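These notes concern the structure reproduced below.
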There are 2 protein chains.
Amino acid sequence: MGKGEQTRQAILDEAFSLASCIGVGGLSIGVLADRTHMSKSGLFAHFGSKEELQLAVLRESQQRFAEVVVRPALRLPRGLGRLRAIVANWLDWTKTCNLPGGCVINAAAAEFDDQPGPLRDEVRNALLALNRSLAATVAKAVETGELSADTDIEQFVFELNGIYQATQQRRRLFDDPEADRRALAAFERLVRDNAVIHAKE
Amino acid sequence: MGKGEQTRQAILDEAFSLASCIGVGGLSIGVLADRTHMSKSGLFAHFGSKEELQLAVLRESQQRFAEVVVRPALRLPRGLGRLRAIVANWLDWTKTCNLPGGCVINAAAAEFDDQPGPLRDEVRNALLALNRSLAATVAKAVETGELSADTDIEQFVFELNGIYQATQQRRRLFDDPEADRRALAAFERLVRDNAVIHAKE
DNA sequence: GACATAAACGAACGATCGTTCTATAAAGCA
DNA sequence: TGCTTTATAGAACGATCGTTCGTTTATGTC
């Protein structure tokens with residue numbers, strides 16, 4: 001890796017954890033230059049525009065998410081177990097990565113949902129991809145017979161998303177130590193309601 | 001209402017719908033002055049600081065929420081019906097009010113959850129109050145016997161919150177026309193799992 | 001209508017914003 | 001080592017930021 005790539009990555013590392021606290025929109029070249037002990041113009045040259053820097057942060061976030069949340073779970077056999085692993089990894093991926101201030105993309109989703117442009121598009125695509133990935137995982141749990149054949153997969157993913165966001169809010173805003181327990185309880189209820197019926201009433 | 005209060009309210013109206021799109025943190029005195037056809041200093045004088053303006057917007061949001069979502073439901077008899085009404089009002093209160101860009105407080109929650117200060121405190125208190133209000137409503141549905149006596153009320157509210165946030169994201173970011181239907185489906189599943197058991201297996 | 005008060009303005013402040021330019025220093029390669 | 005390319009620095013730009021100040025205009029009261 002050449003010198004250029006190296007510093008670019010160092011900048012992204014810093015930008016990533018900074019964006020976690022103040023949001024992707026709150027990033028500023030000047031502050032980032034201070035934190036990385038660089039000049040504004042030197043840092044700027046690596047991205048060409050602020051927007052490109054923000055996009056790079058969003059892409060960085062996607063990549064880390066895939067590495068930390070999804071990939072480890074792919075080593076497990078397909079089915080409910082893998083889904084459980086993804087959910088577990090997902091719920092504490094902000095601890096695993098250097099994310100002092102919560103998921104960057106999730107925050108960006110609320111920030112840019114009304115501001116058309118490349119940033120919104122990037123966030124949207126990232127979350128669409130996540131939803132597809134989750135849907136595929138749920139679908140496999142249906143195939144293995146662990147979840148009912150008439151499971152509404154889109155609905156399942158919808159509710160999973162809600163559980164995640166509620167958890168984030170409880171943790172970050174209310175400092176609720178019960179957040180994780182509640183999240184798992186909600187998830188188990190979701191699984192239970194979509195499990196194969198052993199005894200029909 | 002004197003002239004002062006009158007313009008202050010006009011400013012808040014504009015700030016409110018603007019904040020809905022760009023976030024409370026993205027508000028700027030200059031832009032707001034343009035939109036209200038005032039000078040920066042004239043507008044500024046009504047609040048004394050930008051932070052005070054932001055706080056005023058958050059309080060405005062709380063007030064409108066109470067008027068539009070909670071109050072109408074209080075005319076219904078306590079119990080599940082009232083809860084349903086609140087949920088219904090809640091899900092489309094962004095349409096009812098002038099909120100082109102989604103719930104201001106919910107967005108602010110993601111924005112300020114890592115930035116200590118009066119704004120975070122205000123958001124936190126607003127959402128705590130909402131949670132308490134929801135919990136009380138659920139508790140009454142337990143009292144009327146419509147929900148089971150061993151309903152975990154905090155858990156119920158937790159999941160309700162998740163449903164709301166998932167709905168917002170689907171609507172705003174994915175333009176998903178099914179979002180409302182999914183929200184109601186999730187809500188009904190939540191109610192069903194906490195309903196009194198008529199036939200034990 | 002005169003007067004005290006409150007509201008709005010316009011200009012300016014220092015700070016920071018993203019960006020551009022030119023020059024210097026470092027890195028990579030022959 | 002020498003040379004080319006790349007990376008970084010520094011200064012400056014115009015724009016906008018929140019805020020302050022003094023002045024002027026409107027409002028409400030006697």
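A quick note: this is a predicted structure, and the numbers were derived from the prediction, not measured. Every chain is numbered from 1 and lettered A, B, ... according to where its sequence line falls, protein lines coming before strand lines.
Separating the CG atom of B:Leu32 from the P atom of D:dT16 is a distance of 16 Å, rounded to the nearest angstrom. To the nearest angstrom, C1' of D:dG10 lies 18 Å from NE2 of A:His37. Rounded to an integer number of Å, the gap from B:Gln54 CD to D:dG18 P is 9 Å. Between B:Asp34 atom CG and D:dA15 atom P the separation is 15 Å, expressed in whole Å. Distance NZ (A:Lys3) to P (D:dA7): 9 Å, rounded to an integer number of Å. Rounded to whole Å, the distance from CD on B:Glu51 to P on D:dC17 is 18 Å. Here C:dA7 presents its C1' atom at 15 Å from CZ of B:Phe44, a figure rounded to the nearest Å.
Between the side chain of A:Lys40 and the base of D:dG10, no donor-acceptor pair of N or O atoms lies under 3.5 Å. One cannot find a donor-acceptor pair under 3.5 Å joining the base of D:dG10 and the side-chain atoms of A:Ser39.
A:Gly145 and A:Val196 make their closest contact through O-CG1, 3.2 Å (heavy atoms, listed as atom of the first residue, atom of the second, distance). Here the closest non-hydrogen pair linking B:Arg124 and A:Leu173 is NH1-O, 2.9 Å.
The listed nucleotides are D:dC21, D:dA11, C:dA8; the one nearest the side chain of B:Ser41 is D:dC21.
Projected onto DNA chain D by closest heavy-atom contact, B:Lys50 and A:Leu43 fall at different nucleotides, the more 5' of which corresponds to A:Leu43. Along DNA chain D, the nucleotide closest to B:Val31 and the one closest to B:Gly2 are compared, and the more 5′ of them pairs with B:Val31.
A salt bridge links B:Asp152 with A:Arg182: the distance from a Lys NZ or Arg NE/NH1/NH2 to an Asp or Glu carboxylate oxygen falls below 4.0 Å. Ion pairing of A:Asp180 with A:Arg171 is present here, as a side-chain N (NZ or NE/NH1/NH2) and a carboxylate O approach within less than 4.0 Å.
Contact between the side-chain N/O atoms of B:His46 and the OP1/OP2 oxygens of C:dA6 is not found at any separation under 4.0 Å.
Contacts of B:Ala45 with the nucleic acid, taken as non-hydrogen atoms under 4.0 Å apart, are absent.
Put simply, the side chain of B:Val191 does not reach to within 4.5 Å of the side chain of B:Glu146, judged on heavy atoms.
Atom CZ of B:Arg59 sits in a crowded spot, with more than 12 heavy atoms from other residues, nucleotides or ligands closer than 6.0 Å.
Geometrically, A:Arg64 engages A:Phe16 in a cation-pi contact, judged by NZ or CZ lying under 6.0 Å from the ring centre and within 45° of the ring axis.
Taken residue by residue, residues 5-30 of chain B places heavy atoms nearer than 4.0 Å to DNA chain C at B:Thr7.
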